[in-house]
Amino acid sequence: MSRYNAREAEPKWQAAWDEAESFRAERDPARPKYYVLEMFPYPSGRIHMGHVRNYAMGDVIARYKRARGFNVLHPMGWDAFGMPAENAAMANNTHPGTWTYENIATMRRQLKSMGLSLDWTREFATCDPEYYAQQQALFLDMLEAGFIARRKAVVNWDPVDMTVLANEQVIDGKGWRSGAPVERQERQQWAFKISDMADDLLSAIDDLKDWPDKVRLMQSNWIGKSRGLEFGFKTQGAPDGHGEVAVYTTRPDTLMGASFVGISPDHPLAKALEADNPDVAAFCAECRRLGTSEADLEKAEKKGLDTGITVSHPLDPNWKLPVWIANFILMDYGTGAIFGCPAHDQRDLDFCRKYDLPVIDTFFALDDDTPVAKDAFVPPKTEKVRWVNHFAGLDVATGQEAIDATIAFAEEHGWGKGVENYRLRDWGISRQRYWGAPIPVIHCETCGTVPVAKADLPVKLPEDVTFDRPGNPLDRHDAWRKVPCPKCGADATRETDTMDTFVDSSWYFARFCSPRAETPTDSADIDYWMNVDQYIGGVEHAILHLLYSRFFCRAMAATQHLPQSAREPFNALFTQGMVTHETYSVKEDGKTLWLTPEEVQRDESGNATRIGSRESVSIGATTKMSKSKKNVIDPEAIIEQYGADTARWFMLSDSPPERDVEWTNAGVEGAWRFLQRVWRLMDDLKYGDGAKPDSIGDSATALRRMTHSAIQGVTEGIEGFSFNKSVAKLYELTNALAKAKETGADMDFARHEGLRALCIMMSPMV
RNA sequence: GCGGGCGUGGUGAAAUUGGUAGACACGCGAGAUUUAGGUUCUCGUGCCGCAAGGCGUGGGGGUUCAAGUCCCUCCGCCCGCACCA
């Protein structure tokens, strides 16, 4: 009896596919195309189980579609710019490029050992000058077309390292390396004007029929369209130029309950006051230590400072409200100023109680006798409401009508206007880092910012840089930085900011269609291959990456790099769950010490001990595999031991693809045993030559029914992204075949048919 | 804090549209094969109960002839929050 030997079979066939370029995609107008793409990996060093899951799923689709007669494009590349390469450069005194390309070599080898049906001839890395040269060309076209602006934006500033920090590098308000308190700081930044396209990006979501509802909903909420009232409060005692404070509110119907006006610490009025009021300056400085993350701002204790300035209520000039600076008001949303209505907003109520501001009684009610609520009462938009304190003679039926009536009233009397507002902010792309695509712009004292001429592209990153000092090496690289102005020829300097890596990943899928073209895209290739028919990746990208890509394709269409039909690049989207594992830890000197799965042994009753020391190990939560908790299984070790097919089969079994899957040893063993079982079946079963006999008995008919029911179930499973159900059907068919021991020509025929179907149906998976 | 999702046996999960809850697999139990273990094969396995029977889809409430599925509410876990990729 033979055994399936993955260690021999897999490299053999992988080499054969490589040799024959079996998965090379060529344009062929005679055949329907299918473009399946998984989110390309960041070359962090080694592939992880999340990659295995992602690429195993994509490969099922690619091989399935190929088997159904489609001309399949299934490419792979590398999202290769980013911070980790610079961190590695600092830690190991290497060049980020060296580190990155070494990682790519390792990960390419590892991916190849998975037996994926990829067209490797199209491979590229975003840090290849050939790629970012084209990206710079796109930037120049988009700059000319008005999609890009230079404006102030807020960053995290580390005053010791003298560098800008990413939000994830700010830990408890301190820089991760220096430990110094981080400050919010404004800088001139390049930004894509994505908010100009907010309405189009929002309304087009309706047409993304094959995207998960949750992603469409998240994107809608992220764009966050609202209609409200914008109006000004006249100030008393404010510095010159601040005679009015403009506010935006989505609930103008609560205006009669206003008890204060709040402005952001970054509001122009707050800044004006800072200059000669030390209390204001101190308060604003404290607010700026909060960093830039919205979650941090929202979770922080709500604090405020009375500016001493007052404003008049628009409906009653004698009604004065105090102006407070409050740390929870975002400068980026609306006008950076609000009015607070404690009766109808919980946060405002908490704020008023804390600072002893007047709380006006509830003047909205659901019914006749609603008392003054202990908690703020938000008048529902869809239900019947009633104004208790009459609002200037208006009467309404629902909260929404109250809003509309108030806006109409304000417009009629000329003190405010109804406006549409979006939560979506412009996309700041400037990064004060070396390892990214240089922004192709030159700063000249007389001409201002001047685009680099297309003929001078690419603006290549200089190789001779060091990371032994804080800050961006480009800033101190005079040979690279100092250039003549393209316009006037005077001494000028290059822009030293590089592009956000999200730019790189916003069009790579289009580049895969013609990766060696001398222009960003080639229309013949784009017309044939775009759009991506199926895109697969983690749900953590549900908003930013996907939204930026949608924007970028619109901008590429407007600059003639894509057809209008590719404005929405991804026809169908699937978001997969994470790969998780148990965590193991021991206490050492009162501290938690995490252990890797290899350091832990489980006995029959499920208790865990540390290998070697035999101390008892506590089994913690099952969480996403991560280096910090050490609950990581290395795919390469699994592939060496069991083969890629076992790893792939396990990944596709049991757990629905959109849900998290827990990696377990038992599960891997089970997958391995099943593959052996199928191999054995082929050896053991008698199945003839497939000739159909004249008569077919009941047993053979039952087996044939099973075969065809499996064909239907497996097909539906793959089409519906329920690979676990396909796998279950394949188990059923395998069980039925193993039990079909009867002799006879009809049984030989039914077994032949069943085994053949089994092999074909398993082939996209293993 | 805000936005989104998830919760079904010991475990991963099935359950077209509101219509027999637990397909399939892991694990476990019993038996067979094997020098032994692994492997392989057969049978059993939601929970309580000797049984009859009862109870069961995170908790509570509701709609319905009928609820895992729809509605309300609470709890728990996970993802995102704009400079991680």
Side-chain angles (χ1 to χ4, degrees), chain A residues 1 3 39-44 79-84 87 153-156 163-170 187 189 194 212-222 224 291-302 328 332 346-347 423-433 436 497 500-502 504-505 537-545 547-548 575 577-578 580 604 606 621-624 650 653-656 658-671 673-674 676-677 680 684 713 716 720 722 724-735 738-739:
Chain A
M1 188 192 291
R3 274 188 155 197
M39 291 178 185
F40 66 162
Y42 177 78
S44 55
D79 188 13
F81 274 133
M83 253 187 354
N87 294 334
V154 176
V155 297
N156 300 306
T163 183
V164 175
L165 298 178
N167 283 334
E168 73 155 17
Q169 295 174 315
V170 181
R187 289 182 65 109
Q189 306 262 292
I194 184 170
D213 287 342
K214 63 173 173 185
V215 174
R216 304 197 311 169
L217 193 55
M218 279 191 266
Q219 291 224 347
S220 294
N221 289 338
W222 184 263
T292 61
S293 130
E294 198 172 298
D296 286 345
L297 294 178
E298 294 279 351
K299 274 191 280 200
E301 193 197 341
K302 307 291 176 273
F328 55 87
D332 292 322
Q346 189 60 45
R347 189 180 59 187
R423 210 185 72 95
L424 182 67
R425 307 203 296 256
D426 279 339
W427 171 20
I429 60 154
S430 283
R431 298 292 181 270
Q432 295 69 42
R433 287 187 243 291
D497 284 352
D500 178 12
T501 57
F502 272 123
D504 312 341
S505 56
V539 71
E540 66 272 19
H541 296 291
I543 294 174
L544 293 182
H545 162 59
L547 190 62
Y548 291 153
T575 53
M578 297 179 306
T580 64
E604 310 80 48
T622 297
T623 59
K624 178 180 180 171
F650 173 79
S653 308
D654 293 341
S655 285
E658 69 276 11
R659 226 185 278 183
D660 291 352
V661 61
E662 184 185 359
W663 185 272
T664 62
N665 243 336
V668 181
E669 293 278 351
R673 281 200 300 270
F674 176 73
Q676 292 297 340
R677 186 162 179 240
R680 227 171 24 245
D684 293 355
E716 286 171 358
S722 302
N724 54 320
K725 288 190 245 170
S726 297
V727 166
K729 270 292 180 190
L730 290 167
Y731 273 110
E732 276 189 71
L733 176 57
T734 307
N735 290 341
K739 281 181 182 156

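Keep in mind that this is a model prediction, so the values were computed, not measured. All chains are named by letter (A, B, ...) in the order of the sequence lines, taking the proteins before the strands, and each is independently numbered beginning at 1.
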Looking for any heavy atom pair under 4.0 Å, which part of the strands does A:Arg423 touch: base, sugar-phosphate only, or nothing?
base
What one-letter contact string describes nucleotides 13-24 of chain B from 5' to 3', where B marks a base within less than 4.0 Å of any protein heavy atom, S marks contact via sugar-phosphate atoms alone, and - marks no contact?
SSS-------BS
Salt bridge check: are A:Arg423 and A:Glu294 linked by an N-O gap of less than 4.0 Å?
yes
Check this one for me: any side-chain N or O of A:Asn221 less than 4.0 Å away from OP1 or OP2 of B:rG4?
yes
Once you apply a heavy-atom cut-off of 4.0 Å, does A:Gly538 come out as touching a base, just sugar-phosphate, or nothing?
nothing
Does the side chain of A:Asp660 come under 3.5 Å of the side chain of A:Ser655 through a donor N or O and an acceptor N or O?
no
Output yes when at least one side-chain N/O atom of A:Arg433 is less than 4.0 Å from OP1 or OP2 of B:rC83, else no.
no
A:Thr664 or A:Leu165: which one's nearest nucleotide on RNA chain B is closer to the 5' end?
A:Thr664
Pick base, sugar-phosphate or nothing for A:Gly82, based on heavy-atom distances below 4.0 Å to the nucleic acid.
sugar-phosphate
Categorize A:Gln432 for me: base, sugar-phosphate, or nothing, with a 4.0 angstrom heavy-atom threshold over every strand shown.
base
If I pick the C1' atom on B:rG61 and the same atom on B:rA51, what distance separates them, to the nearest angstrom?
35 Å
Could you tell me how far B:rA25 sits from B:rA14 if I compare only their P atoms? Round to whole Å.
15 Å
Regarding A:His545, tell me which of base, sugar-phosphate or nothing describes its non-hydrogen contacts under 4.0 Å with the strands shown.
nothing
If we take the C1' atom in both B:rG53 and B:rG37, what is their distance in whole Å?
44 Å
Which part of the nucleic acid, if any, lies within reach of A:Lys214 when heavy atoms closer than 4.0 Å are counted: base, sugar-phosphate only, or nothing?
sugar-phosphate
What nucleic acid atoms does A:Thr623 come within less than 4.0 Å of, heavy atoms only: base, sugar-phosphate, or nothing?
nothing
Ignoring the backbone of A:Arg680, work out which of B:rC83, B:rC41, B:rG5 is nearest its side chain.
B:rC41
Separation of the C1' atoms in B:rG10 and B:rG46, to the nearest angstrom
10 Å
Report which part of the nucleic acid A:Gln189 touches: base, sugar-phosphate, or nothing (heavy-atom distance under 4.0 Å, all strands).
base
Contact class for A:Phe502 vs. all strands (heavy atom < 4.0 Å): base, sugar-phosphate, or nothing?
base
OP1 or OP2 of B:rA85 less than 4.0 angstrom from a side-chain nitrogen or oxygen of A:Thr501, does that happen here?
yes
Separation between CD1 (A:Ile429) and CZ (A:Arg431), nearest 0.5 Å, reads 8.0 Å
Would you indicate which nucleotide in B:rC79, B:rC26, B:rC81 comes nearest to any side-chain atom of A:Ala666?
B:rC26
How far apart are the C-alpha atoms of A:Gln676 and A:Arg673, what are their side-chain angles, what is the distance that settles it, and do they pass the side-chain contact (heavy atoms from CB on, under 4.5 Å) test?
CA-CA 5 Å; A:Gln676 292 297 340; A:Arg673 281 200 300 270; 5.6 Å; no
Among B:rC84, B:rC81, B:rC41, the one nearest any side-chain atom of A:Ala166 is B:rC84
Are any of A:Asn167's side-chain N or O atoms less than 4.0 Å away from OP1 or OP2 of B:rA82?
yes
Distance check, P atoms only: B:rA36 and B:rU45, in whole angstrom units.
29 Å
What verdict does the side-chain contact (heavy atoms from CB on, under 4.5 Å) test give for A:Val727 and A:Asp654, after you've listed the backbone C-alpha separation in whole Å, the side-chain angles of each residue and the deciding distance to 0.1 Å?
CA-CA 8 Å; A:Val727 166; A:Asp654 293 341; 5.9 Å; no
Return yes if some donor-acceptor pair links the side-chain N/O of A:Glu298 with the main-chain N/O of A:Phe328 below 3.5 Å, else return no.
no
Whenever both distances are under 3.5 Å in a Watson-Crick or G-U wobble pair, mark it; put RNA chain B into dot-bracket that way, with [ ] for crossing pairs and | when the partner is on another strand.
(((((((..(((......[....)))((((((.......))))))(((....)))..(((((..]....))))))))))))....
If you measure from the P atom in B:rC26 to the same atom in B:rC74, how many Å do you get, rounded?
41 Å
With a non-hydrogen cut-off below 4.0 angstrom, is A:Leu297 in contact with a base, only sugar-phosphate, or nothing?
nothing
Using the six-membered ring wherever Trp is involved, compare the ring planes of A:Tyr548 and A:Trp427 and label them parallel, tilted or perpendicular (cut-offs 30° and 60°).
parallel
The side chain of A:Val155 is closest to which nucleotide in this list: B:rG1, B:rC83, B:rU39?
B:rC83
With rounding to the nearest 0.5 Å, note down the distance linking CD in A:Glu658 to CG in A:Asn724.
7.5 Å
